Structure formats: structure tokens, C-alpha cells
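In the text below, chain A, chain B and the rest are named by the order of the sequence lines, each starting its count at 1. Because the structure is a prediction, the values reported are computed rather than measured.
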Amino acid sequence: MEPLPKAYQHKDIESKWYRHCLEHRAFEVPETSSAPTFAVMMPPPNVTGVLHMGHLLNNTIQDILVRRARQEGKRVLWIPGTDHAGIATQTKVEKVLAKEGLSRQALGREAFIQRVKAWRNSHGDIISQQLQKLGISPAWEHKVHTLDPDYSRTVLHGFVELHKRGYIYRGKRMIHWCPISRTALSDEEVIMKPQSGFLYHVRYAVVETVGAFIEVATTRPETIMGDVAIAVHPDDERHRALIGKHVHSPIFGATILPIIADTAVDPTFGTGALKITPAHDRVDFEIGQRHHLPFIDIFNPDATLNNLAGKDFEGLDRFTAREKVVQFLEQRGALVKKFPHEHHVGFSERAGVPIEPRLSEQWFLRYPQIEKAQKVVQESQIHFRPQRWVKTYAHWLDNIQDWCISRQLWWGHRIPVWYPKGGDRNDLSKIHISIDGPPDPENWEQEEDVLDTWFSSAFWCLGTLGWPDRERFEPYKCFYPTNDLVTGPDIIFFWVARMIIMGLEFLVGEKGDEGSIPFRNVYFTGIIRDAKGRKMSKSLGNSPEPLELIEKYGADGLRLGLLSMAPQGQDVLFDETRIEQGRFFCNKLWNAFRFRQTHSFDPKENRSLETILRRLRPKYMGSAEHFVLSRLLETNRNCEQALADYEFQPALLQWISFFRNDYCDQYLEISKTAHEESHRTTTLAVQDFILRQLLISLHAWAPFITEELWQASGYSPYKTLLMQTHRPTSEELIEQLQSYGIVLSPTSVQEVHSLLQYLNALRALKARCGQASTRNSHVFYRTQEKERANVIEGSLPILLKMAGLKHCQRVEEALELPSETESEVTFFLDIAHPLDAETERHRIRDELSRVEKLIQLNQQKLKNPDFTSRAPAKAIEGARELLAAHLKKQSELKALLQNL
RNA sequence: GGGCGGCUAGCUCAGUUGGUUAGAGCAACGGAUUUACAUUCCGUAGGUCGUAGGUUCGAGUCCUAUGUCGCCCACCA
């Protein structure tokens, strides 16, 4: 056996075990098995994206879930993948083309798509390699990309079917138009941002009454050229007389606009008069329709003005045009006033520019299964964690609007609709819709638009399993519904809700709703922010580089640190020192094994739980052994309980604290004082027993170091991986111990608790008197209780060694020495220098007053008849015991004081 | 405008169904170390739980109001 190096070196160990797992296909789904299935679908990152902090948290959590499921003997399938990110990728490639003086139009559709593919293949999938560094364990051989041929067929099938069922339709509607990407967007892709702009009051001359004007308030004077009317509220006294009359356009004097009445106008806003520009505003569009007004679109697709805006403005950008129109109005005296105005403007999420409402032909989805989608979440067939997101989800479904699914892009799934060549596209009876297209393609032209990327990811839980292809789906059907989905709440509408809807719509069958939901649990992670709570962003430069973190702290250190600072569903304020703590923890774990191996260590004796248990002799089990094993079982139980509720952080902290405090600082230190050879075998076996369970339990968080130590300690003679090893429950461990004659004694555990309390008192006493000068000092103790004295006498060597003292002797009287009273025992420390009686008196008086306050508090409580009659017996009993304990302490402190 | 979440020690957070003297980690300060680990260990100090009311024998925990920060949703031009 090679001795372990002094410090844990993560680099070689990580790559060694990851390679091993890949070579042995350990992450792939077991071929056939009767074991219960467990499936997780990785939220597909953008194929050309790079790893960021959010991925780390998200994937670590998924990895914990699947590794633990494997330890439970389940047949696990974790499917990784990437998505094609239509708009983002196309935009990126178009920028590259622009630098070469090219455009996608100049290149043509086919050539352009080839360019994007080439770009994707060279820049793409870096993220999968980066994720491997994190040590996650998805079935890489099963990786899916949304534009893979098989997956594409899933998406197109979905489209064709939804159309057949009447949920997809084509229509001319007002949509959100992104002038940068030059495509329609869904409502979800538009984010409202507060903007400080101006509100302009413009006056329009009334035709019928010379010298009369109507004043209109607008934030967008550049759309005046598209005006078709002025609207006022029918009940608005100020304007009533003008209804039915006309005005001159302040830009085009010759243009005459009617003044109409419509209740959509808010008389309390601005001047109470609204200019109507149906082509460029949703409300105006509706008013225009109601009043059969014309529709004048003055914008080009890139939001520059077209010829309908007139010679003066044609070709200008919308914001330049705004300034020019204002100037124009000013010169003509039509601008009454202009003042700052705060309002909200819809921005394109991707391109970051204000969107334009625009009327155009698009494809829409009327969502199916809305009611069921509500129900399955309300009734927790799909369980959201944290639960509060249920409300957000429900609110969205309650106010759901049809989804614009067509995009005027080339990179994506081209809509499988064909129109007769040269025919009328609006004659829906003549169109062809199928996955493979018409048999005589020469007579047809395919729809140019592609589908929203989110439309394709709505089928993620179906397509990754091979649906709807019967042959491919059959072997994977058993993984549906999947178990856990781990994702961010920001895509609750974009993705989670839509997957639920598609599952409910398409996977109906034997199991009803229960069988059609795509997953049973959704765990929403928080967002990782910087230490100041700001979002991580490139421009702020506040995002650490994940790969550098792995390099510096190791994947295990990073995972442990990250999870230790991530409360359930709350945003995480990133703090690199926590990651460092994770690395420190790994090193301590490493050294606990080094320590173990310095003592008659033979890996063969660890080959199974039985070989360890056989070495445990009940009669040599001291109270420390009872204590530490009890704590192990308790920790294990608490951890399992926390994880059942998806409380990852508390679960981990349980183990960290057990390992550091109970195992290392207390148990190992105590065991160092045990010198008898007979005890030692048992002590070492207890260590092996604990370390074994520790590795199994921590493996999901820290896969690499645990695997290395697992193998190095001989726990796995047949090279079975830790994640394939059964993880015993506390109940199983209790049974195992019992079958070897070991029953943990609560009395022994209590004894150690007392011992630790006394140890703490002694250490505090020493620290107070000056550590160095009290090294190997004598200590005296006094107590009225025989049992207390027994505890102390029984563990004297431990107490003295761990406190760094030499002798301990019982006395009857209070001594004139510095003292510390704890649990009915007072310790006196024999110090070389004379006692500063005044300081000591002061200390005791302080403590006395504290104790007396508590005595009073409990006395009052017990005197209160309302308390004694209404409080539960447990609370009353507790108060009595407390009072008694405090009274004892009070008399002891008084005696000490008197003696000084 | 509607909804949600946070507000507990200098910082980051725990605090389960209301019940003993409100906890932990980090930071601070003081110390230790001849069977692993200074990437260690021990100890000390530090909060009255955003504010104000209320319910209750008893409230960080329940109710009402309010402040504040953040997020989501929403077509007032």
C-alpha cells in the first residue's frame, strides 16, 4: 500500500476517475433491468454557450440526485443535451458575415445554414466538455441536440399534430417585432423596462372651426405620419363638441383625420385626446379595427421610416425621426409643450432594443390542456419546490395568450408547411402540412419561417426519449414521466409550463394524467449573484470563471462550497472563501484517512461491511464509540430527511458538522487517549465503519475524492464504483450492528455529552487564566452529586489530556482559586500566580445575576396560574427542571463568592 | 396597478407544527500544538429577531398595518 500524500491533490485524481467512468460507461443507462427507473433531463444549454456559475449549481444538484438514485439501485437515465438557440446563434453568425462584407441574404438560405452549422460545429459543445470537468454523470452517449434529425422529427411531428388538432393557426395579428433580429417574438421574449422619455403635447387644427385646436399627448411623435384619427372618451365634456369633426395632420397638412369617440381612451391621462396610429400601437390597432380605420405602416422591418412617412423622414431611424419630427412641429408651432415622462417600454430580451408592435402574418399556438396543466400542479402531481412558484405558474396560465411560434429566421426548424407555387397563401384549404413535405415538391414552396426555439424545447422530455417514433420510444417509455427537473424559475413559462402542456397533450394513455406529466418534481434553483447581490454579468466583470475555480479548488471543493452556500430556492450570494472552505474540507477528509492508515491498516479488512463489523467487540466499545456511532446514525437520518424535502444545503451541513466536530475533534481526539491494545482493534473498526458510511453519503456531493479514498481504503475489492454501492439507511445500520451484538447505549451517549461539557468548562477556565502558564496545571473539582463525580472519575484521562491538564482531585470545600461552574460541578484551577480575587468576584457576580434573572423568570412563570393550567405538561416540567438547576447553580455561586 | 420573496450577530444564512438562556459558518479578538490536517485545534466577544399594534399563559415563529430592498406580471398613450 502506497501511503497517501500529505495533502489532497485534486488534479490527477479527478481526471483519472472521470476517464475511468467514461471508459467503463458507468454513466450510461444499464441495458435492461427490472429495477425502478429514475430519469432526469438536463436543461439544454445553448450549444455555443460557455459554462457559467448558474450551470454549476444546477448541474451539481442534478448530479447529486442521480448519483444517489444509483446508490439506491435504481436504473438511472440522465440525458444531457444542447439547444440550437435560434436567434442568438443566427445573430452571431450574421455579425461574422458582416465583417466579411457579406449578409445572409447575399449568401442565400442553404449556404447560410451551412455557415451556421460550421460555426456551431467549431464553437459548439465546448460546454459539454466543460461540464465534464465538474464531474457530473449524465449519459453522454445519449446526448441530444435540438437540431438532430431525430429530435427535429419530434418537433415537426408536434407541429403537424397540433395543427391537425386545431391548436395551430396562421393569422395576421399584432405581434412584437424585433427590428434588430427582424423577427417576431413571443410575449415572453419582451421585457418591460422603465424609461425616462418625454411626453409631447401636439396640437392638431380643427378643420371645421378655424382657429380651434385639439391637443394630443404622445410619447412617440415619430408615428404621427401614421395617424388615422384622434380619439377621445365619449363622456369627456371637454372634447364632446368635437366628436365627428376633423383635424389636419400637423405633419401632412393636407391629410384630414376624423375625431372619434372610444371608451378605451383614458380621459384622466394627458389631454384626454389620443392620436390613433393602428399600425404602431396595440391599443390603437384595436380602436382602428372597431372604427374601420385605415392602417398605415410607416416603418421598414428594421424600424427605419419608409416612403409613407414622407420625403422628409424616409430612411431615418425611428429615434432620429423622433427628433426631426419634434423640430418640425416646433417650427410649425404645433408643439405645445414637452416634458420628461417616466414610462415602460417593451424591449427585445435578446437584442436589447425597444420592440415595435407590428401587424404581420404569423403562426400561433392556442395552448391545449390549460386546465389540466393547472390541475396537475395545483394537486401536486407535479411538485414544485419551493412551492411558492405554483402561484406564478397559475397566474401565467390564468392569463395565457396565444403563442406566436413563427420566427423570421433561417436557423431553426423550418415550419413544415407548403403553399402551392404562385398560389394564394391565405387559402388555407390548399396548403400542405406534413413532416416530409408534399410528394411533388416542385409544385410547392415551403414556408420560409422557422419555429421558436422554445417551441422545440417544449418537447424535450418526449423527444429525448425517442417519441413519437414507436421503435425508438419503446425501450425508453419506462423513463416517462421523468423524476426531477432542476432549473431556474426564470424559465417557468418559457419551458416548464410548455413541457407540461405538451406532455399532457401528447402522452395520453394507460396511466392517465399521472402518465402524461413530463416530470414529478421541479426544483427551482436560485440565481447566483455576486457578494453584493448583483447579477453576474460580463459587463460588470463580477462573474468568476468556473473552470478557473475548478482548477483552483477542485471540482469537489467547488461543489461542496457552492452547495454549502445555496439555501433552497433562494438566490445565492457568491463568496469565493466558501469555495475555499470546500477545498479545506476535502483536505481534512483526506487527512482523516491518512490518520487511519497510520494505525495497523489492512485494506482487506474493509472489503465489506461484515468484515468491519466482525472486528467490533461489544465489550471494548467505550462510551465514545457509542456516542460517535449514535451521532453517525442521527446525521445519516437527518440528511436523508432533508434530501427527501430537496433541502440540499442542510443535508450537506449535517455531514460537514458531523465529520469536523463529532468525528475529528471529539471522537478521534478521545480515541487518541485510549492506549490499550484490546480496545484499539475496536476503535479502528469503528473508524472504518464511520468512514465507509461517510464516503457513501458524501459521494454525491464530492464524487472524486470519495471515489479515490473508497478504492484506496479497500472498501471496494472488486472495483465497484461508489455510486453503484448500496447506501445503507440508519435503520439498516442499526440492524447490522445488532446482529453483531452492538446496541447503542443512550446512557453512554449522555455521559460523553457531559464529558464534553466539562471539557469545555475546563478549556474556558484555562483560557481565562492564560493557556501557557496553566499547561499541566492541577485542577480540583467539587460536586454534591455522586453521579457527576462518577462521570468525571470515569473519564479522567480523557478530560485531562484533552484539556491539557495534569492532575484532577475532588475536594469538599470551595477553594480560593479561579473557578468555573458547569452542570453541578465546579472546577478550580491551581495557578502559579496569585489569584486576582476582585476580578474573580466580579465574574461570579455577573454570572450570579444572570442566573438569578432566569430564576425569577421561571418562578414567575410557574406562579402564573394561567401558565400552569394551560401550558402542556412538557413545558411546565421543563420550567421546573430549569428552575431547580438554576437554584443549585445560584447556591454554588454564592458559596464561591463567600469563600473569596 | 397586482402578486411574490427578503429584512435575525460586522458579513452570509439556520431557526420545523408558537414553549427551555435565539443558533451556525466566515470575519474580529485571545490562545494551543512531540500518533492525520496551520487547508488544523481551543476559547472569547457580538443579535431582542425592519417598525408599530394585536392574538396568546407564552411570539423571531400567528394576525393587522407600515417601512425598506429585490423579483415577477400588467397595452395608460
Whichever of A/Gln9 and A/Glu286 has the more 5' nearest nucleotide on RNA chain B, that residue is A/Gln9
Base, sugar-phosphate, or nothing for A/Glu881, non-hydrogen atoms under 4.0 angstrom?
nothing
B/G19, B/U44, B/C37: which one has an atom nearest the side-chain heavy atoms of A/Pro872?
B/G19
Inter-nucleotide C1' distance (B/G47, B/U17), Å rounded:
26 Å
Counterpart base for B/G58, defined by Watson-Crick or G-U wobble contacts under 3.5 Å:
none
Atom NE2 of A/His395 to atom C1' of B/A74: distance rounded to whole Å?
8 Å
Atom P, compared across B/A24 and B/A9: separation rounded to whole Å
14 Å
For A/Ala764, report the nucleic acid contact type (base, sugar-phosphate, nothing); a contact means any heavy atom under 4.0 Å.
sugar-phosphate
When both hydrogen-bonding distances must be under 3.5 Å and the geometry is Watson-Crick or G-U wobble, what is B/G23 paired with, if anything?
B/C13
Protein-nucleotide distance (A/Gln581, atom CD; B/C11, atom C1'), rounded to Å
14 Å
Does the side chain of A/Lys275 come under 3.5 Å of the side chain of A/Thr223 through a donor N or O and an acceptor N or O?
yes
Nearest to the side chain of A/Lys6 - B/C37, B/G43, B/A77?
B/C37
Can you check side chain to side chain donor-acceptor pair (under 3.5 Å) on A/Arg594 and A/Asn591, steps first, answer last?
CA-CA 5 Å; A/Arg594 274 186 71 216; A/Asn591 273 285; 2.8 Å; yes
Quick one: label A/Arg850 by what it contacts on the DNA or RNA (base, sugar-phosphate, nothing), any heavy atom closer than 4.0 Å.
base
Roughly how many Å is it from CG in A/Leu694 to P in B/A36, rounded to a whole number?
20 Å
With a 4.0 Å cut-off on heavy atoms, is A/Asp665 in touch with a base, just the backbone sugar-phosphate, or nothing at all?
sugar-phosphate
Atom pair distance, as rounded to whole Å: CZ in A/Phe867 and P in B/G18:
16 Å
For atom C1', what is the distance between B/U8 and B/G25, given to the nearest Å?
15 Å
Under-4.0 Å salt bridge between A/Arg637 and A/Glu634:
no
Test applied, side chain to side chain contact (heavy atoms under 4.5 Å, CB included); reference residue, A/Leu800; option that passes from A/Leu762, A/Leu759, A/Val779:
A/Val779
Using the P atom on both, measure B/C7 against B/U12 and round to a whole Å.
11 Å
Euclidean distance, atom CZ of residue A/Arg282 to atom C1' of B/A74 [Å, nearest integer]:
12 Å
Would you give the length of the straight line joining atom CG of A/Leu652 to atom CZ of A/Phe585, rounded to the nearest 0.5 angstrom?
7.5 Å
Using a heavy-atom cut-off of under 4.0 Å over every strand shown, decide if A/Asn760 touches base, sugar-phosphate, or nothing.
sugar-phosphate
How many Å lie between CG on A/Leu805 and P on B/G43, as a whole number?
13 Å
Considering every strand shown, what is the Watson-Crick or G-U wobble mate of B/G53 when both distances are under 3.5 Å?
B/C63
Shortest side-chain distance from A/Arg529, nucleotide among B/C71, B/A77, B/C41:
B/C71
If you measure from the P atom in B/G10 to the same atom in B/C29, how many Å do you get, rounded?
16 Å
Starting from C1' on B/C37, measure out to CD1 on A/Ile705 and report it in whole angstrom.
12 Å
Of the listed nucleotides (B/G5, B/U40, B/G19), which one gets closest to any side-chain atom of A/Arg388?
B/G5
Indicate yes or no: does A/Asp665 engage A/Arg660 in a salt bridge with an N to O separation below 4.0 Å.
no
Considering every strand shown, what is the Watson-Crick or G-U wobble mate of B/G70 when both distances are under 3.5 Å?
B/C4
Rounded to whole angstrom, note down the P distance from B/U56 over to B/C71.
40 Å
So, is A/Lys588 close to the B/C41 phosphate, meaning a side-chain N or O under 4.0 Å from OP1 or OP2?
yes
Could you state the CD-P distance from A/Gln666 to B/U40, rounded to the nearest angstrom?
17 Å
Base, sugar-phosphate, or nothing: which does A/His343 touch, judged by heavy atoms less than 4.0 Å apart?
sugar-phosphate
Minimum-distance nucleotide to A/Cys664 side chain [options: B/A36, B/C13, B/A77]
B/A36
Among B/A77, B/U39, B/C72, the one nearest A/Arg583 by side-chain distance
B/U39
With sugar-phosphate meaning primed atoms plus P, OP1 and OP2, does A/Leu274 contact a base, only sugar-phosphate, or nothing at under 4.0 Å between heavy atoms?
base
Let's test your reading of the model: under 3.5 Å, does the base of B/U44 pair with the side chain of A/Arg768 as donor and acceptor?
no
Can you tell me how far C1' in B/A45 sits from the matching atom in B/C26, rounded to whole Å?
15 Å
What nucleotide among B/C76, B/U35, B/G70 has an atom nearest to a side-chain atom of A/Thr598?
B/U35
Euclidean distance for C1', B/A59 against B/U48 (whole angstrom)
12 Å
Base, sugar-phosphate or nothing for A/Arg880? Non-hydrogen atoms, less than 4.0 Å.
nothing
Of the listed nucleotides (B/C4, B/C72, B/C37), which one gets closest to any side-chain atom of A/Lys391?
B/C4
Minimum-distance nucleotide to A/Phe584 side chain [options: B/C37, B/U40, B/A77]
B/U40
A/Glu189 and A/Ser186: side-chain donor and acceptor closer than 3.5 Å?
yes
Within the structure shown, what part of the strands sits under 4.0 Å from A/Ile527 by heavy-atom distance: base, sugar-phosphate, or nothing?
nothing
Go through the side-chain N and O atoms of A/Glu708 and A/Tyr8 and say whether any donor and acceptor fall under 3.5 Å apart.
no
Look at the aromatic rings of A/Phe493 and A/Trp396 and report parallel, tilted or perpendicular, splitting at 30° and 60°.
parallel
For the side chain of A/Arg763, starting at C-beta, report the closest nucleotide among B/C37, B/G43, B/U21.
B/G43
